[in-house]
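Remarks on the structure that follows.
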Amino acid sequence: MSYKDFNSYEAIIHAIQEYRSLGREEYLMRYRGKATPSNSFTYFVCYEGLLYECKPIFLGAYFHQFGKYLENTSTSGVKGFIKPILESLGFSVYSGADSEVPEDIAELIAEQPKRAPIFVNRIIRNSQIAEDIKELYGHKCQICDEVLETPKGFYAEGAHIKPLGSPHHGPDTKENLLCLCPNHHALFDKKAIVIHDDYTVEFITCPQGKEIKLTVHVEHKIDQALVKYHREEV
């Protein structure tokens, strides 16, 4: 099997969960046969607001799909080969060299430690909270009401209203989360979208010509103070 035959969304999730469970060093020893400095990888796959080193995750996921290890030499470049595969499965892949990335992602990339044992532990987030919000909305974006369907299921992103990273230090709670599609998540993080107290959505750079209201489920209690913070301070 070639890495080009890889097509399993579930295998990526399995690899990410294994990375979390084992820790960076043990995970790398299992799938790369050696520990690697934390600044060796420049591409990161994003899942539930956390970044994971792209190539090691792919190597683990390949094993979970096909039951055998993929030689490191079998992939000659993340950007040209692994990145398109992950993106076709609905994942976002980022690099510090990207000209435009969501604010939270840019902060994480900029704060990447040079010698820390694991990159993603800089900000610990409860992924179940975001999953609960997405399930509450059926993975439908609260701004455009669109649902993205991939070959492996529906896809949406949990967007923090007040960013978790420095200097904002927002809470990792349901009251600080929105369910958004990738496009509106990026625009929201970049302040191209703001939300008013009555949940009117304002597009700063591209007015829509009609009033758009944020969809809010009766069981989703959004913290208005956090909405105001995003509007005035972010």
Side-chain angles (χ1 to χ4, degrees), residues 44-51 87 90-96 98-111 120 122-123 125-150 154-234:
F44 303 91
V45 58
C46 184
Y47 180 67
E48 300 294 4
L50 290 173
L51 297 184
E87 289 178 335
F91 292 96
S92 296
V93 177
Y94 299 104
S95 166
D98 291 343
S99 59
E100 292 188 8
V101 296
E103 180 178 331
D104 278 0
I105 302 302
E107 289 178 359
L108 286 174
I109 292 175
E111 294 175 4
V120 297
R122 291 296 298 271
I123 298 178
R125 308 182 187 198
N126 186 343
S127 61
Q128 187 58 49
I129 294 176
E131 194 61 37
D132 289 344
I133 289 295
K134 290 189 289 185
E135 290 180 2
L136 182 64
Y137 288 95
H139 292 77
K140 182 182 294 186
C141 177
Q142 288 179 251
I143 292 177
C144 65
D145 290 329
E146 294 292 330
V147 177
L148 298 182
E149 185 173 3
T150 75
F154 298 115
Y155 179 77
E157 296 180 353
H160 288 91
I161 301 169
K162 182 178 181 179
L164 302 192
S166 176
H168 307 292
H169 304 295
D172 192 16
T173 62
K174 293 181 181 180
E175 293 79 11
N176 191 36
L177 272 172
L178 299 175
C179 176
L180 299 179
C181 66
N183 284 347
H184 286 134
H185 186 182
L187 291 173
F188 184 72
D189 282 349
K190 287 291 186 179
K191 201 70 176 289
I193 290 175
V194 296
I195 299 171
H196 294 279
D197 291 340
D198 63 352
Y199 295 127
T200 298
V201 179
E202 180 181 359
F203 289 75
I204 303 299
T205 57
C206 185
Q208 300 299 292
K210 61 179 180 179
E211 182 177 271
I212 295 178
K213 289 272 194 175
L214 187 75
T215 299
V216 181
H217 193 282
V218 65
E219 296 180 12
H220 186 194
K221 308 300 182 184
I222 297 174
D223 190 331
Q224 288 283 0
L226 299 176
V227 174
K228 181 179 180 181
Y229 182 94
H230 175 270
R231 195 168 59 241
E232 299 180 355
E233 303 294 338
V234 173

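From a predicted model like this one, the values you see are computed outputs, not experimental measurements. Sequential numbering from 1 along the given sequence is applied to the chain's residues.
Side chain of Lys191 to backbone of Val234: a donor-acceptor contact under 3.5 angstrom is found. Although no hydrogens or angles enter the test, the distance criterion places no donor-acceptor pair under 3.5 Å between the side chain of His196 and the main chain of Asp198. Between the side chain of Gln142 and the backbone N or O of Thr215 there is at least one donor-acceptor pair closer than 3.5 Å.
Closest approach of Asp189 and His160 over heavy atoms only: OD1-O, 4.3 Å. Pairing each heavy atom of Cys179 with each of Ala156, the nearest pair is SG-CB, 3.8 Å. For the residue pair Gly90 and Thr150, the shortest heavy atom distance occurs at CA-CG2, 4.2 Å. Taking both residues in full, the closest heavy atoms of Ile161 and Glu175 are given as CD1-O, 3.8 Å, listed atom of the first, atom of the second, then distance. Residues Leu164 and Pro171 come closest through the heavy atom pair CD2-O, 3.5 Å. For the residue pair Tyr137 and Val216, the shortest heavy atom distance occurs at OH-CA, 3.5 Å.
Side-chain atoms of Lys213 and Val201, non-hydrogen and from C-beta on, never get closer than 4.5 Å to each other. Side-chain atoms of Leu178 and Leu214, non-hydrogen and from C-beta on, do get closer than 4.5 Å to each other. At least one side-chain heavy atom of His184 sits under 4.5 Å from a side-chain heavy atom of Cys141. Side-chain contact between Ile143 and Leu180: present, with at least one pair of heavy atoms (C-beta onward) separated by less than 4.5 Å.
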> Would Tyr229 and His168 satisfy side chain to side chain contact (heavy atoms under 4.5 Å, CB included), going step by step from the backbone distance to the final call?
Replying inline: CA-CA 9 Å; Tyr229 182 94; His168 307 292; 3.0 Å; yes
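Here Lys162 contributes atom NZ and Asp223 contributes atom CG; the two are 9.5 Å apart, rounded to the nearest 0.5 Å. Atom CG of Asn183 sits about 8.0 Å away from atom CG of Leu148, to the nearest 0.5 Å. Separation of atoms CD1 (Ile204) and CD1 (Ile193) is listed at 9.0 Å; rounding is to 0.5 Å. To the nearest 0.5 angstrom, Gln224 atom CD is 5.0 Å from Asp197 atom CG. To the nearest 0.5 Å, the span separating NZ on Lys134 from CD on Glu157 amounts to 7.5 Å.
Checked against Lys174 for a side-chain contact (heavy atoms from CB on, under 4.5 Å), the options Ile222, Leu136, Ile133 give a single hit: Ile133.
The number of heavy-atom neighbours closer than 6.0 Å to NZ of Lys140, taken from other residues, nucleotides and ligands shown, is 12 or below.
Taking Tyr47 as the reference, nothing meets the ring pair (Phe, Tyr, Trp, His ring centres under 6.0 Å) condition, with sequence neighbours excluded.
Aromatic ring pairs are classed by plane angle as parallel below 30°, tilted from 30° to 60° and perpendicular above 60°; the pair His230 and Phe188 is parallel.
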